[in-house]
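Presented below is the structure to which this report refers.
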Amino acid sequence: MTARPASVIVVGGGPAGAATAFYLARAGVSVTVLDRAHFPRDKPCSEYMSPQASRILADMGVLEQIERAGSAQLVGMRVRAPSGASFHGRFADVVGYRGYRDCGLALRRTVLDHLLLDRARAVGAAVLEGTRVASLVRDTNGRVAGVEAVDSSGTSRSLPATLVVGADGLRSIVARRLGLAGTRFAQRRVAFVTHFTGVEGVGDSGEMHVEHDGYVGIADVGEGVANVAVVVPRAKAKAAAGNPAAFLNRWIHRRPHIAPRFARAERIGPVLVTGPFASASRRAWAPGAALVGDAADFFDPFTGEGIYAALRGAELLSAHVIDALRGRSAREADASLLAYDRTRVREFRGKWAVERIIGAAVTFPGLMEIAARSLALRPTMADTIVGVTGDFVPAREVLRAGFLARLLLPWKVGAGRAAATLTSPES
Ligand SMILES: Cc1cc2nc3c(=O)[nH]c(=O)nc-3n(C[C@H](O)[C@H](O)[C@H](O)COP(=O)(O)OP(=O)(O)OC[C@H]3O[C@@H](n4cnc5c(N)ncnc54)[C@H](O)[C@@H]3O)c2cc1C
């Protein structure tokens, strides 16, 4: 394990860590990323990125590479409630707002995360793979002053740093050692994620099928491969013990509207399991340290926004870290980290509220049923919701009382672009 002394140590080289390191290194800050994994590494994820994520990827100079790497373009989202009522929102059809792109991108995380980390390296970040952070080093005032890291040979070493960034995902060791890790009040779910070829009917929109016992997301991730993610309440996941692949197969084959599409499908990778999620740090900073990405908070994969939140969080954090490093005292540095936390809350709180509403509809499928029928009648509203999850429509558009009231009126035909009929895959 060799590293030059870094001003900033970033724990975790996923999208949050790679982007934080990129922005810091590009600004001339000495930064070292430590990741316990060796890249390319996989990560359980539906692998979809919102249209607005492309703005940050372009800023990082990696968007073209991602597009050339075989990513799929997704024009919107199709959501189906248990009865078959469904709605389809398209990014390009949102009234009054335009995303950085009219499409989201989907690319396998083995490829995406490797590209992002390489980009951070290219602008000067040092990266130590196979290096697991076990705990934090503190100075005599209790301020974080580095990390204790263990390399692949088991050798442990203290690495000093002026600031430590925890970008180490769900169950972040940095958040736990800072005493900031917490659980969100939400149904706790577990995900089973894999890749198939040969799934029939995979189109240019992501699909979410909500059932009474969880949901499944299906999306093209490029080159004929579909990402399939079954997400179930923790209690139901116990049935998967020891054989997640059999559990995923059973779950899919019990759905008459999905099973035939898998008749000729071939699973081409392991079934990765992760969860339960719904975690949130009490705050995203402590003296000498800050949290970003899933380490700071993660709700549920349904809205598919974790990667954008990781990239956007990194963009916000890096500006404040640069400020903190310029501070003349620890107190000034901490003021910058506190300002980061406040900016982050302002940036994301609207989205957190929308996530909670969507989370409630997934937990209580009766609500999803009403919303799906209502949105099938009001395609403009469906586009707006998909635009919010696409990160280019402000959450306030969905949180307005009038919008929420119409969402719960499945019988009233509003003005829309299409015939006011319920769409159902079975009809
Ligand atoms: C089932 C599922 C589906 C999802 N689908 C989507 C989607 O379609 N679109 C979307 O935008 N988001 C999705 N998400 C969320 C998304 O995967 C995360 O929000 C995103 O990966 C967060 O990035 P990150 O960099 O914060 O964390 P991660 O990507 O988890 O990276 C953390 C890194 O930290 C490293 N690490 C962890 N502990 C240590 C340690 N002690 N020492 C050193 N390194 C360590 C890990 O090896 C890892 O590389 C989904 C999540 C789940 C669970």
Side-chain angles (χ1 to χ4, degrees), residues 9-21 32-53 74 77 104-110 112-114 116-117 127-136 147-152 159 164-177 189-194 206 208 214-219 221 227-232 271-279 284 291-314 317 355 389-391:
I9 283 180
V10 176
V11 185
T20 303
T32 298
V33 180
L34 310 177
D35 200 296
R36 65 185 174 194
H38 289 276
F39 287 69
R41 62 102 178 87
D42 211 347
K43 151 85 178 79
C45 181
S46 298
E47 303 176 317
Y48 145 82
M49 283 176 285
S50 71
Q52 221 51 10
L74 299 181
M77 291 298 297
L105 293 174
L107 181 63
R108 294 182 69 163
R109 292 290 297 267
T110 40
L112 174 73
D113 290 20
H114 201 194
L116 294 178
L117 197 54
V127 180
L128 297 182
E129 300 180 30
T131 305
R132 179 177 61 82
V133 168
S135 61
L136 300 173
V147 299
E148 285 290 339
V150 184
D151 70 16
S152 350
L159 298 173
V164 171
V165 170
D168 45 343
L170 284 172
R171 288 172 287 284
S172 156
I173 188 78
V174 179
R176 280 184 281 146
R177 293 288 184 259
R189 290 189 255 262
V190 175
F192 300 80
V193 188
T194 191
M208 284 293 185
Y215 62 86
V216 61
I218 303 173
V221 290
N227 177 299
V228 176
V230 169
V231 181
V232 298
V271 175
L272 304 179
V273 184
T274 185
F277 0 93
S279 59
L291 303 172
V292 66
D294 283 3
D297 68 272
F298 183 67
F299 182 64
D300 191 277
F302 194 87
T303 54
E305 291 169 273
I307 300 173
Y308 173 78
L311 297 173
R312 178 72 183 127
L317 173 60
E355 278 178 357
T389 66
D391 299 306

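Both counts, for ligands and for their atoms, begin at 1 and track the order of listing.
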Keeping Glu47 on the side-chain end and Arg109 on the backbone end, is there a donor-acceptor pair under 3.5 Å?
yes
Among Arg171, Arg36, Arg189, closest by heavy atom to atom 38 (N) of ligand 1 is Arg36
Counting non-hydrogen protein atoms only, what is the nearest one to atom 33 (C) of ligand 1? Give residue, atom name and distance.
Asp35 OD2, 3.5 Å
Mark up the atoms of ligand 1 that fall under 4.0 Å of a heavy atom belonging to Phe298, in ascending order.
15 (C), 19 (O), 51 (C)
re atom 28 (P) of ligand 1, the protein heavy-atom contact at minimum distance is Lys43 CE, 4.0 Å
Write out the residue and atom name of the closest protein heavy atom to atom 32 (C) of ligand 1, then the distance separating them to 0.1 Å.
Ala167 O, 3.5 Å
For ligand 1, is there an N or O atom under 3.5 Å from any N or O atom of Phe277?
no
Arg176 side-chain N/O to Arg171 backbone N/O, donor-acceptor pair under 3.5 Å:
yes
Is the closest N or O pair between Gly306 and ligand 1 shorter than 3.5 Å?
yes
Show me which atoms of ligand 1 lie under 4.0 Å from any heavy atom of Gly12.
33 (C), 34 (O), 35 (C)
Atoms of ligand 1 less than 4.0 Å from Val193 heavy atoms?
1 (C)
Closest to atom 14 (N) of ligand 1 among protein heavy atoms sits Cys45 SG, 3.8 Å
Those atoms of ligand 1 less than 4.0 Å from some heavy atom in Arg41
29 (O), 31 (O), 48 (C), 49 (O)
How does Pro44 reach ligand 1, if at all, at less than 4.0 Å between non-hydrogen atoms: by side chain, backbone, both, or neither?
backbone
What's the spacing between Lys43 NZ and Asp113 CG if we round to 0.5 Å?
8.5 Å
Kindly compute the distance separating OG1 (Thr131) from CZ (Arg36), expressed to the nearest 0.5 Å.
12.5 Å
Leu272/Thr274 under side-chain contact (heavy atoms from CB on, under 4.5 Å): CA gap, chis, key distance, verdict
CA-CA 7 Å; Leu272 304 179; Thr274 185; over 6 Å; no
Could you tell me whether a side-chain N or O of Ser172 sits under 3.5 Å from a main-chain N or O of Leu170, the two making a donor and an acceptor?
no
If you measure every N/O of Ala16 against every N/O of ligand 1, is any gap under 3.5 Å?
yes
For Cys45, does its backbone N or O pair with a side-chain atom of Asn227 as donor and acceptor, under 3.5 Å?
yes
What protein heavy atom lies closest to atom 11 (O) of ligand 1? Include the residue and the distance to one decimal.
Ile307 N, 2.7 Å
Tell me whether Ser46 contacts the main-chain N or O of Tyr48 through its side chain, where contact means a donor paired with an acceptor under 3.5 Å.
no
Under 4.0 Å to a heavy atom of Thr274 - the qualifying atoms of ligand 1, by number
53 (C)
Under 4.0 Å from a heavy atom of Gly293: which atoms of ligand 1 are those, numbered in the order shown and with their elements?
26 (O)
If the cut-off is 4.0 Å to any non-hydrogen atom of Glu305, which atoms of ligand 1 fall inside it?
10 (C), 11 (O)
Quick one: does Val174 get a heavy atom under 4.0 Å from ligand 1?
no
For ligand 1, which atoms have a heavy atom of Ile173 less than 4.0 angstrom away?
41 (N)
Rounded to the nearest 0.5 Å, what's the gap from CG on Leu105 to CG on Leu74? Could you check?
8.0 Å
Suppose we measure from atom 23 (O) of ligand 1 to each protein heavy atom; which comes out shortest, and what is that distance?
Pro15 CD, 3.7 Å
Let me confirm one number: the CG-CZ distance from Asp35 to Arg132, rounded to the nearest 0.5 Å.
12.0 Å
Ala134 backbone acceptor or donor facing Arg177 side chain under 3.5 Å
yes
Could you walk me through whether Asp300 and Glu355 pass the side-chain contact (heavy atoms from CB on, under 4.5 Å) test, one step at a time?
CA-CA 8 Å; Asp300 191 277; Glu355 278 178 357; over 6 Å; no
What's the shortest distance from atom 1 (C) of ligand 1 to any protein heavy atom, and which residue and atom give it?
Ala191 CB, 3.2 Å
Below 4.0 Å, non-hydrogen atoms only: which portion of Leu34 touches ligand 1? Side chain, backbone, both or neither.
backbone
Residue portion contacting ligand 1 (non-hydrogen atoms closer than 4.0 Å) for Val231:
neither
Could you grab the distance from atom CD1 of Ile9 to atom CG of Leu159, nearest 0.5 Å is fine?
4.5 Å
How long is the span from the CG atom in Asp168 to the CG atom in Leu291, to the nearest 0.5 Å?
7.5 Å
Please walk me through it: do Leu112 and Met49 pass side-chain contact (heavy atoms from CB on, under 4.5 Å)?
CA-CA 10 Å; Leu112 174 73; Met49 283 176 285; 3.8 Å; yes
Ligand 1 N/O within reach of Arg109 N/O, cut-off under 3.5 Å:
yes
Students should be able to answer this: which protein heavy-atom is nearest to atom 18 (C) of ligand 1, and at what distance?
Asp294 OD2, 3.2 Å
Keeping Tyr215 on the side-chain end and Phe302 on the backbone end, is there a donor-acceptor pair under 3.5 Å?
yes
Would you kindly specify which portion of Asp168 sits under 4.0 Å from ligand 1, judged on non-hydrogen atoms: side chain, backbone, both or neither?
both
contact_flag Met49 ligand 1 heavy-atom lt 4.0 Å
no
